[in-house]
Protein chains: 2
Amino acid sequence: MQIRNNIRRLLQYRMCLIRFRELGFERVYSYSLGREAGVSPEQIRKDFSRFGIKGNKRGGYLISELLDSLNYIFGKNELQDVILIGVGNIGMALARYNCGFFKRRKYIVAGFDIDPSKIRKINEIPVLPMEVMPRFVKENGITVGIMAVPAVSAQEVCNSLVNAGIKGIMNFAPIVLKAPKHVVIENINLCNVLESVIYCANYARDDLGVLEC
Amino acid sequence: MQIRNNIRRLLQYRMCLIRFRELGFERVYSYSLGREAGVSPEQIRKDFSRFGIKGNKRGGYLISELLDSLNYIFGKNELQDVILIGVGNIGMALARYNCGFFKRRKYIVAGFDIDPSKIRKINEIPVLPMEVMPRFVKENGITVGIMAVPAVSAQEVCNSLVNAGIKGIMNFAPIVLKAPKHVVIENINLCNVLESVIYCANYARDDLGVLEC
DNA sequence: ATGGTTATGTTATTATTTTCACAAAAAGTG
DNA sequence: CACTTTTTGTGAAAATAATAACATAACCAT
């Protein structure tokens, strides 16, 4: 978890900057951006510094320049293709959400499922049988996959993704995936997140006298 | 972000323990649990220690006892009601996912939406008009809400939730919500998560020579 | 029993992250 | 043009978190 938090914050800054631009602003200061992104101004300057992003010593940052820099870092200019494995409940929602991804030039180009009844187009995205996945990945140079499969088959699916050459996985199955360390895995356990919020909202201040949550 | 990471890891441990139990195991060691949860054994012992969970100096931990302790901490024994605001694409998927939540005794008891066409039952969950929300929250003692509304209306919805007495929010809108600090907010920006995975998978090792991601 | 082995619980150490502090640069002002 | 103000950029300090180390308790074998 070295650079990961930097990246995450940078993406958040970008989100805020886009809104600032829509509101007609031209410049931001680490202070104003920090306020919007819920981060300290020093943190922002440090994060920018880490990626060589420079501002103007008196005039803060030019939003358009900042966005250019951030878009360059995140490869916004080329479209980045992603696949989706498991077109059940969550998978379906993500496929439908694709236009949200598309705005950021991330695009689910295909879905895969073992269930033959799922093999059809969803929102323009072709859903293909699981066996085709490795070839698809190789032929299209796919490097990142979104997994929305049941927990029982998740590790197996992960293995075949890695074998096919996938380098990054966003995983919604409630399991901690094991993969070679050159593969980036982001586990998103919706149940656990909800539960942690419930805990912090209801119980945290009663136990141990700990408030900070 | 004081206790939050502890909580999150504890929930992950529980997840692993449930699987261990299903596989017929009776005991775990910090080492074996750590391997499964992707965490160091010392970390696990530290986390347990923080919450007063004790093991057996030679025999590790009895899975059933551990699960009892964890379930006690997270209030697994009583059913915890949650509401959902915004029954669009993501919201709908979460409503349908409810049985997954239910297994953990977290339950979406109602959805709310401003769009009148959404006012109907989804998967047994009644969807009500937004105006009814404050009364519903008060009458049913709801403390936690899941927000899956568009970014433009998110802050406004957040405000009315807080006014209604909500203490914790799991937010899927791509915006950093501002709320009084006694309210716990967890922002889940699916685009940003995907983008960070893509970045780490493709670019991280090229820039700056940083590998750790 | 008793000695050896193993895994916990906790203290000490190290590493990482965040905050603080301040010099330097830009911009405005008289 | 000097002088003041403001905001960046960064090195030092503080706070947090993770890892290592080790004493202690439980178990096992003899």
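Convention: sequence-line order gives letters A, B, ...; per-chain numbering from 1.
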When we call it a touch if two heavy atoms are under 4.0 Å apart, what does A/R27 touch: a base, just sugar-phosphate, or nothing? nothing
So, OP1 or OP2 of D/dA18: does either fall under 4.0 Å of a side-chain N or O from B/S40? no
Considering only heavy atoms and no angle criterion, is a donor-acceptor pair shorter than 3.5 Å present between the side chain of A/K57 and the base of D/dT7? no
Nearest-Å distance for atom pair CD1/C1', residues A/I53 and D/dT10: 16 Å
Of the nucleotides C/dA27, D/dT19, C/dT8, which one has an atom closest to the side chain of A/N56? C/dA27
Taking atom types as they are modelled, would you say the side chain of B/R58 forms a donor-acceptor pair with the base of C/dA7 within the 3.5 Å cutoff? no
Nearest-Å distance, CZ (B/F48) to P (D/dA18)? 15 Å
On DNA chain C, check which nucleotide each of A/G59 and A/E42 is closest to and give me the residue with the more 5' one. A/E42
Rounded to whole angstrom units, what separation is found between the CG atom of A/D47 and the C1' atom of D/dT8? 15 Å
Could you tell me whether the side chain of A/M170 reaches within less than 4.5 Å of the side chain of A/V144, counting heavy atoms only? no
Nearest-neighbour nucleotide for the A/R45 side chain, D/dA18, C/dA21, C/dG9 considered: C/dA21
With a 3.5 Å cut-off and heavy atoms only, can you find an N or O donor on one side and an acceptor on the other between the side chain of A/K46 and the base of C/dT19? yes
From the candidates C/dT18, D/dT8, C/dT8, the one with an atom nearest any side-chain atom of A/S30 is D/dT8
Can you measure A/Q43 atom CD to D/dG9 atom C1' for me and round it to whole angstrom units? 14 Å
Out of C/dT10, C/dT19, C/dA27, minimum distance to the side chain of B/K54 belongs to C/dT10
I'd like to know whether A/F48 forms a side-chain contact (heavy atoms from CB on, under 4.5 Å) with A/L10, so could you lay out the CA-CA distance, the side-chain angles of the two residues, the decisive distance to 0.1 Å, and finally the verdict. CA-CA 8 Å; A/F48 284 171; A/L10 244 41; 4.1 Å; yes
Salt-bridge present (A/E186, A/R8; N to O < 4.0 Å): yes
Interatomic distance, B/L62 CG vs D/dC27 C1' [rounded to whole Å]: 15 Å
Rounded interatomic separation in angstrom, taking OH from A/Y31 and C1' from C/dC20: 16 Å
Take atom CZ of A/R50 and atom P of C/dT18, then tell me their distance rounded to the nearest Å. 11 Å
With respect to the phosphate group of D/dT10, does any side-chain polar atom (N or O) of A/S49 fall under 4.0 Å of OP1 or OP2? yes
Select base, sugar-phosphate, or nothing to describe what B/Y61 touches, counting heavy atoms under 4.0 Å on all strands. sugar-phosphate
Heavy atoms only: give me the nearest B/A173-B/N171 pair and the separation to one decimal. N-OD1, 2.8 Å
May I have the distance from A/N5 (atom CG) to C/dT18 (atom P), rounded to whole angstrom? 6 Å
Go through the steps to decide whether A/I125 and A/N98 satisfy the test side-chain contact (heavy atoms from CB on, under 4.5 Å), and finish with yes or no. CA-CA 9 Å; A/I125 303 163; A/N98 216 12; 3.2 Å; yes
